[in-house]
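The structure appears below as structure tokens.
Keep in mind that what you see is a predicted model, and the values were worked out from it rather than measured. Throughout, a chain's letter reflects where its sequence line sits, starting with A, and its residues are numbered from 1.
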Amino acid sequence: MKGILKSAKAQRKIIPFIILFLLSVLAFTLQPVVAQTPFDLNWTFDYSPLISAAPNSLHLRIHNTALAPVRLLSVGIRFPWMDADAYLSRSGPQIAVDISPQQEVTYTIPFQIPADVLTARYTMNTFLQYQVLQTTQYGGQEGIVYVLDVVVLGRSSPFSMTFDPYDGRFYSALALLTLIGWYLPKKLRPKAKG
Amino acid sequence: MRLKLRDLLALSTVAYLLSVSSKILSPGFYTDITALYYRAVLPTSNGIPYHAYFLEYPAIPAILIWVSGLAPSFFYYMVTMAFLMFFFVIAAVYFLYRICTEFGMDRGRIIPFFIMAPSFLVMSFFNWDIIAVCFVIAAIYYLFRKNSRLSGLCLGLGFAAKAYPLLLLPPFMKEVGSWRDRFEMLLSTVLGALIPNLPFIIIDFQAWLNSNLSARQAVYIEESIWVVTRYYRLVNQDWLITAVAWSLIILSILHMTFSSKPLVLKVWVITAVTILVYPSYPPQYNLWLLPMFVLNPIFALIPFLAFDFLNTSIILSWFTVDNPFQPWGPIWDISLIRIGLLALLLIWATHRRHASPQRSVMDVETGVRA
């Protein structure tokens, strides 16, 4: 690698630029991430990334940003590894809670991810069913689905292998392969003349 | 003015800070350090590693996990861990600098091949590999200084942080002059490996033994060449795969121990072969190679960057693709190209014709900086 930072002057000069670059990247990472939805739904987990086989909970804070009262009929979440039509419903206020304009309700939905879920990013769904008050009575049922990106820390690979330290075949194969690998190159090497 | 130690330390601090902040401030950024907290520290209220929970990592990471677990929350756990690991980062850069300065190597390589290497920027705070890396660099330094006891002690401590430094013991022992020195090195290696393990052995020997033995019996095949053979069911016998892998590792150790190549190249070759053939090749393993890229001037910057950038992009893109485990998906492709590049570098490093006579560790000291 001839020529790279060979000059002492260049070595000294480049340091402040590299530090500035790294600091600017660092500053970029400090930007907070805020999720916004039409319903003004905010969610937090007990902890994130989600860990497989460990109990966790999703906390939802649903803020009514509409001018009219909203009747919330149900709240649920669904993970991609769950069976079709399966979901985890909310706990918290009873069904059909009315939320006045600019008011909010909170829900907590406990869950536990199966141990065999692989480490990756997944999309989970949070859905709300609600009715909006039309002058004197509530209108038809409406629904909204939020897609949340979550990271799960689970199994690191779908492929695994096990090694039995008492398996004699392993030691036989190891000895044989090592001996072949040690002596064969020497046998194959052409002998020097003279 | 030449590149000074304080410049390198300042730069490595900022680079390490970048690695730390990206993990602490981005809750979705995966690290093994995070996973351990939620899997073990939190459910056991920071119980003693091995005794209160199964731990697949060796003693020094176990000590760090326990000490950091005393912090009152996840955030402070991460900050404490980052602080503790910072000393190993600084020590690694310090010993690299000392090797380059005292033994006539190009210290300018420390920046592009170590501190600014993509793997360092992303994964110096990811797992506990940097601890073993630090001890391997220190072991090389003390070997160059003809201090076989300290060199062995560092190798042993490295083994207490990750298994791979123990593979380097045979070529290290070959480099020292007398059998007495070799014996001292062996003894101090055992001592170095034993000291961090001692508290856990005393507290719960059976649990310590179970954790250390089981951790080596079941391996997830991550991003290694064996993923392909397993997917296509080419070789289903785990004992055979393990035998092939270990025979190649042992052969690399044997060939390098009795080779006339410079010690730093021997260390690079053994490490590269181990990474290539071991059933698991997660991206943080590249940290093991970085200091050896610094100390081996035969490696050019562009091939190194291509190899290391591909390696880092595995973890950077892991959580952006729909299914990172998809056969012949982007992650699989990147992993295999990365393995191919490392194999090419390995072939080139072992078969190239050396322009100058081979130097051993002893005559490195007489080397003059170009």
Okay, side chain of A:Arg155, backbone of A:Pro158: is any donor-acceptor separation there less than 3.5 Å?
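Looks like yes, one N/O pair under 3.5 Å.
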
Check each atom of A:Thr119 against the heavy atoms of chain B and say whether the ones under 4.5 Å are side chain, backbone, both or neither.
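Interface part for A:Thr119: both.
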
Answer with side chain, backbone, both or neither: which region of A:Ile51 has an atom nearer than 4.5 Å to a non-hydrogen atom of chain B?
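Contact with chain B: side chain only.
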
For [X], which atoms come within 4.5 Å of any heavy atom of chain A: side chain, backbone, both, or neither?
X        : result
B:Leu42  : side chain
B:Phe293 : neither
B:Asp322 : both
B:Ile250 : side chain
B:Leu121 : side chain

Residues in side-chain contact (heavy atoms from CB on, under 4.5 Å) contact with B:Pro43, at least two apart in sequence or another chain:
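Per chain and number, B:Pro43 pairs via side-chain contact (heavy atoms from CB on, under 4.5 Å) with no residue.
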
Hey, are the side chains of B:Tyr37 and B:Ile33 touching, using non-hydrogen atoms and a 4.5 Å cut-off?
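No, every pair of side-chain atoms sits at 4.5 Å or beyond.
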
Got A:Tyr171 and A:Tyr166 here, is their nearest side-chain heavy-atom distance under 4.5 Å?
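No. Closest side-chain heavy atoms not under 4.5 Å.
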
So that I know where these two stand, are B:Trp246 and A:Phe170 an aromatic pair - ring centroids less than 6.0 Å apart?
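For B:Trp246 and A:Phe170, the ring centres are not under 6.0 Å apart.
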
Do the rings of A:Phe159 and B:Tyr231 sit parallel, tilted or perpendicular, given the 30° and 60° boundaries?
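Aromatic pair A:Phe159/B:Tyr231 classed perpendicular.
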
Top contributor to chain A interface from B:Val227, B:Val321, B:Leu240 [non-hydrogen pairs under 4.5 Å]
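Among the listed options, the one with the most contacts to chain A is B:Val321.
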
